[in-house]
Amino acid sequence: MIHNNLFDRYYATESPLHRLSPSVKVLLTVFFILSNALLPDGHWIGFGISWAVIFLLNWVGQLGWGYTFKRSFIALPFALAAVTAIFALPGKTLAEFDVLFWHLLATDAGLLRFFSIVVRSWLSVQVAILLVATTQFPDLIHALEHLRLPRMLITVIAFLYRYIFVLSDEVLRLLRARQARSAVLPGQSGGGTVFWRAKIAGNMVGQLFLRSYERSDRIYNAMLARGYQGHLRTLNRHAMHTRDWVILILSSAALLFLQIFTHF
Amino acid sequence: MLYSPTPLHIPDGFLSLTVSIFFWLITLVVLSVAVRRTEKLDEKQVPLMGVMAAFIFAAQMINFPVAGGTSGHLLGGALAAIMLGPWAGMLVMTSVVAVQGLLFQDGGLLVMGANIFNMGLLTAAIGFGLYKAAEGRTRAVKLGAAGLGAWLSVMAGALFASLQLWLSGTARLDIVMPAMLGIHALIGLGEALITVAALSFIFRTRPDLLDESKNAAQGGRGWVWVGGLVSLFVVFLSPFASAAPDGLERVAINAGFISTSADAPYSILPDYTLPFLGETGLSTILAGIVGALVVGVLVVLLLRGRAKATE
Amino acid sequence: MPITHASKTPERKIDPSQPLILVEHLDFAYPDGHVALRDLSLEIKQGEKIALVGPNGAGKSTLMLHLNGILGDGSGLRVGGLPLNKQNLPVIRALIGLVFQNPDDQLFSPTVFEDVAFGPLHMGLPEDEVLERVKEALAHVDMNGFEERLSHHLSTGQKKRIAIATVLSMRPYALILDEPSAGLDPRARRGLIHLLRDLPITMLVSTHDLRMVAELFPRMVIMDEGRIVADGQTAKLLADEALLDAHGLEKP
């Protein structure tokens, strides 16, 4: 059995943030990321305020101060792509490099831009982590439904979430079986050519495909047996309370104020 | 690590608002057509697409060692489109990208439109289009077309991701483009090999699932044109952009993509100086040190991640 | 929040003087040519608890899929006197609750609530009644308060119970269960046996677990190669070693 925590991002506890309507949380997360994107390059006060908000929300959500920070390194490798921004902008030259075919000029404006991108992305990742840590994924799916995303897409996402756990279990069994059969003698490189290895992996993918396909047949039967006639009906019990509206409006206003403050 | 992020999932912060919104718009238009088209198909589609989305997600966990400690794994867009048809394939890949972004922060939310476009829409169009072009041919030709489609679909994703990064002023085209295309030429090879092997496995065990009449119901000959045109775009633009980025920039400016205003990558804040450093020689040195430190930290983190991945 | 109502499943009118399930001369072959059922007849009265045994591939699951109209064209089948046709199909699916072998196929929603509510919602019931029935069904299987649990967090035994609740919420007249005790550890199996014993409802249960059959089911039907080869009192059939032997069964 695969350990369920592998794909669970929810941090079970009681907090005002956990109780907030999922739709409000989704909207505010998007607004916050939007606000990050709009903060001017190098406006460290603006970035600092946003960062403080994240820290504060960690605390409000009963997650412990460093919760989102500790998990926020996932987007950092991508910053390598942005390193080139250092050499992309005209400005005061800080250093010169010759790498392979490129003559690179590191400029102050480039460096500023690079740091701004990294900070923006770092902030955005943290707020996204905050969202899934304080909201059960099924509630998140309900929120998307409330926000009028196409029903079909939402249903596919719900199925995806339900069966990630089941299918990744099957993958683990397949991988374990492969491991059990690929013994390598000491001092020899095992495993054949890349093509051979890819073929094995491809066979596993094909096998997993067929199993999944057949499973979808059985699920369809189980749906038919319970009265499914081609139209999914759902009961969405998350209602927006006054409190949720107040928080949505106040927080949006605060983000708007932050934008006005940083741009003028 | 079971779940290995690919360099195609762009995080938030790396694309400008303009580029993010532009690609969200394209993606939404295509997806709304896809939803309408798949709703017309039989009612079994919904559970099928749902489980297939979980399948793509799980299949991405199946990796194989390539060389030097790196491993290849599936992206799956081409395979999904070949097996389910282009529209259903797009919806399946969209939900995969959406869950990866939402639940695992692998790819951002504001930039999700671009990520869906790169990994879901392009891959399905190319994968299905090229496979469809081999209609009526032998199994070997079909597999070859599928393999080519799989490789090109990854290259297309990489090409567009580099273009988006460049248009956002996040990266220098003459560096990011060859780097992305170079890495993905290899990743795409893994994609092609796995796709072909998986398809030939299905051909052997359940040929009925790859029946041409079924295939025809999922998408018409028009897809050959769509897939072919996108492929040609990738094939011609990649070398051109890598060799002559200045030319591409001129095209982008003429087309109105980049203006010479504050948002343009090469002309942003012309006489700007770092406020906290001032215009002294000291600032130059400090900036250099800070930059080097950051790159160093990044490399360490990256290696740590790699070490964890192989544990 | 809004529920989308298409049409409410019409009131069920079944004739109490008729057998609850009547199968007459049923034949079935899969599209690939494999013949799964041959001239099969079976009568189930209200309140009966029947075990369906036989080797793998005998056609047990195929028969079960016929009983609420997932396979077959409906000919040769009556439920409470109603012929199985397109018009009666929704009613019959609410009358006959079919629980599949693998609970991971039966529980296809992210949360327990959504799965147990699926049947009532698709019968077109109003929100209050859906909520009430979910509560009631979970109480029947001793899983009170599990509404908000995530399906993938449940143990196999819990999943099996919830799977039964997903059809109990439709308030069916009969439960059709495919291999309910497969894959359970002894304690969970014991719990399930008690649950099946205490549920006051007509039951047809396919199983390889002959000890459970001996304990729970007064009547037993043996299938082999698409036919019913024996149908009678469990105690009598289980005593007939030659019969059990001929169909790959072992005396418990």
Side-chain angles (χ1 to χ4, degrees), chain A residues 9 30 33-34 37 73-79 81-82 84-85 87-89 91-92 94-95 102 108-109 111-112 117 120-121 124-125 128-129 132 137 150 152-153 155-157 159-160 163-164 167-168 171 194 197-199 201-206 208-210 212 215-216 219-220 223 230, chain B residues 2 11-14 17 35 38-39 43-44 46-55 57-59 61-62 64-66 74 91 95 98-99 103 105 108-110 165 170-172 175-176 190 193-194 197-198 201-202 205-206 265-266 268-270 272-274 284 287-288 291 295 298 301-302:
Chain A
R9 292 293 187 272
V30 172
I33 294 173
L34 194 65
F73 292 84
I74 176 161
L76 273 191
F78 210 91
T84 59
F87 316 107
L89 301 184
K92 204 159 84 80
L94 303 177
W102 296 288
D108 55 355
L111 205 61
L112 186 77
I117 290 168
R120 261 188 215 117
S121 135
S124 304
V125 163
I129 294 171
V132 290
F137 199 73
M152 176 176 272
L153 202 56
T155 314
V156 173
I157 289 177
F159 272 109
L160 163 58
Y163 286 101
I164 287 174
L167 295 192
S168 50
V171 166
V194 172
R197 289 196 291 262
K199 197 183 155 205
N203 281 344
M204 286 163 68
V205 170
L208 186 70
F209 174 84
L210 290 183
S212 311
R215 184 184 290 279
S216 77
I219 293 167
Y220 177 59
M223 291 169 76
Chain B
L2 278 169
D12 275 318
F14 283 80
L17 201 57
V35 166
T38 35
E39 268 170 355
E43 48 199 54
K44 224 185 99 176
V46 171
L48 177 64
M49 287 195 296
V51 180
M52 283 302 133
F55 154 73
F57 196 102
M61 290 163 53
I62 297 176
F64 67 99
V66 179
L74 195 68
L91 289 178
S95 40
V99 169
L103 192 55
Q105 292 81 48
L109 305 185
L110 199 59
L165 287 169
T170 303
R172 245 173 84 161
I175 301 174
V176 81
L193 289 173
I194 295 190
F201 181 88
I202 298 167
T205 42
R206 282 290 298 273
Y266 290 85
I268 191 162
L269 310 170
Y272 204 87
T273 48
L274 290 172
T284 315
V295 174
L298 281 177
L301 285 173
L302 212 61

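The sequence lines fix the lettering, A, B, ..., with proteins before strands; numbering per chain opens at 1.
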Peer 1: Test Leu48(B) against Ile219(A) for side chain to side chain contact (heavy atoms under 4.5 Å, CB included), laying out the working first.
Peer 2: CA-CA 9 Å; Leu48(B) 177 64; Ile219(A) 293 167; over 6 Å; no
Peer 1: Nearest heavy-atom pair of Val35(B) and Met152(A): which atoms, and what distance?
Peer 2: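 In terms of heavy atoms, the two residues are closest at O-SD, 4.2 Å.
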Peer 1: Go through the structure and list residues passing salt bridge (charged side-chain N to carboxylate O under 4.0 Å, His left out) with Arg120(A), not counting sequence neighbours.
Peer 2: Asp41(A)
Peer 1: If you measure from CG on Leu109(B) to CG on Leu34(A), what distance do you get to the nearest 0.5 Å?
Peer 2: 11.5 Å
Peer 1: To the nearest 0.5 Å, tell me how far Phe57(B) CZ sits from Ile164(A) CD1.
Peer 2: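 Between atom CZ of Phe57(B) and atom CD1 of Ile164(A) there are 4.5 Å.
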Peer 1: Answer yes or no: is there a side-chain heavy-atom contact under 4.5 Å between Phe209(A) and Met52(B)?
Peer 2: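 Yes. Closest side-chain heavy atoms under 4.5 Å.
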Peer 1: Using non-hydrogen atoms only, which part of Ala201(A) is less than 4.5 Å away from chain B: side chain, backbone, both, or neither?
Peer 2: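 Interface part for Ala201(A): both.
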Peer 1: Give, as side chain, backbone, both or neither, the part of Ala98(B) having an atom under 4.5 angstrom from any heavy atom of chain A.
Peer 2: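 For Ala98(B), the side chain is the part near chain A, not the backbone.
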Peer 1: Could you tell me whether the side chain of Val99(B) reaches within less than 4.5 Å of the side chain of Ile157(A), counting heavy atoms only?
Peer 2: yes
Peer 1: Would you give the length of the straight line joining atom OG of Ser124(A) to atom CZ of Phe14(B), rounded to the nearest 0.5 angstrom?
Peer 2: 10.0 Å
Peer 1: Nearest 0.5 Å, please: how far is NZ in Lys199(A) from CD1 in Ile194(B)?
Peer 2: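 Spacing of CD1 (Ile194(B)) from NZ (Lys199(A)) equals 13.5 Å.
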Peer 1: Select one option (side chain, backbone, both, neither) describing which atoms of Leu91(B) are under 4.5 Å from chain A's heavy atoms.
Peer 2: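 Both parts, heavy atoms under 4.5 Å.
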Peer 1: Can you tell which of Leu153(A), Val30(A), Thr155(A), Leu167(A) has the highest number of heavy-atom pairs within less than 4.5 Å of chain B?
Peer 2: Leu167(A)
Peer 1: For Leu193(B) and Ala198(A), which heavy atoms make the closest approach, and how far apart are they?
Peer 2: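 Taking Leu193(B) first and Ala198(A) second, the nearest heavy atoms are CB-CB, 3.5 Å.
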Peer 1: Which value, rounded to the nearest 0.5 Å, describes the distance between Phe55(B) atom CZ and Leu160(A) atom CG?
Peer 2: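 Going from CZ on Phe55(B) over to CG on Leu160(A), the span is 13.0 Å.
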Peer 1: Return the set of residues passing side-chain contact (heavy atoms from CB on, under 4.5 Å) with Val132(A) (not counting sequence neighbours), or none when no residue passes.
Peer 2: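 Per chain and number, Val132(A) pairs via side-chain contact (heavy atoms from CB on, under 4.5 Å) with Arg9(A), Leu140(A), Leu103(B), Gln105(B).
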Peer 1: Can you measure from OG (Ser168(A)) to CE (Met61(B)) and round to the nearest 0.5 angstrom?
Peer 2: 5.0 Å
Peer 1: What's the shortest heavy-atom distance between Phe159(A) and Gly50(B), and which atoms?
Peer 2: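 For Phe159(A) and Gly50(B), the tightest heavy-atom pair comes out as CB-CA, 3.4 Å.
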Peer 1: Taking all heavy atoms of Ser95(B) and all of Val156(A), pick out the closest pair and write down the distance.
Peer 2: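 Heavy atoms only, the tightest pair is OG-CG1, 3.2 Å.
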Peer 1: Can you say whether Met49(B) sits under 4.5 Å from chain A via the side chain, the backbone, both, or neither, judging by heavy atoms?
Peer 2: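 Both backbone and side chain of Met49(B) come within 4.5 Å of chain A.
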Peer 1: Does any heavy atom of chain B fall under 4.5 Å from the side chain of Leu210(A), the backbone, both, or neither of them?
Peer 2: side chain
Peer 1: Specify the closest pair of heavy atoms between Ser216(A) and Pro47(B), including all atoms of both residues, with the distance to one decimal.
Peer 2: CB-O, 4.0 Å
Peer 1: Minimum heavy-atom separation for Pro11(B) and Ser121(A), please, with both atom names.
Peer 2: CB-OG, 4.4 Å
Peer 1: Need one label for Phe137(A): side chain, backbone, both or neither, based on atoms under 4.5 Å from any heavy atom in chain B.
Peer 2: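 Only the side chain of Phe137(A) comes within 4.5 Å of chain B.
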